Q: 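My structure is below; once you've seen it, I'll send some questions.
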Amino acid sequence: MTAAGPPGSGVSGLLRPHTLAWGALWFAVVVLFTAGVGVIQAAGAAGQMPPLTSGVEAVVRPVDPPSSAPEPPRVIDVNQAG
């Protein structure tokens, strides 16, 4: 004995063209994103990517050797603004 349901229920309801189109779109987005990340990582590993920081940053903030000590907090006194 089978249970009768509303029309379009069951597996045939899941495989509507609209649902298949959205599924295909999401599949394409995921595949293209993953491929793009792989291309970027491969180019970075091969040394073909420009640095992510500009050369101006080295002039504005001179490069110091890294320190294991934490940086002191920067306190800004808003009462003494002048």
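Note that this is a predicted model, so its numbers are computed, not measured. Quick note: numbers below take in every heavy atom, side chains included, and nothing from hydrogens, waters or symmetry partners.
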Q: Once side chain to side chain contact (heavy atoms under 4.5 Å, CB included) is applied, do any residues pair with Val37, and if so which ones, sequence neighbours excluded?
A: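 In terms of side chain to side chain contact (heavy atoms under 4.5 Å, CB included), with neighbours along the sequence ignored, Val37 is linked to Phe33, Gln41.
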Q: Linking Ile, Leu, Val, Met, Phe, Trp and Tyr through side-chain heavy atoms less than 4.5 Å apart, which residues share a cluster with Val30?
A: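 None; Val30 is a cluster of one.
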Q: So which residues get pulled into Val31's cluster when ILVMFWY side chains under 4.5 Å apart are joined, directly or through others?
A: Phe27
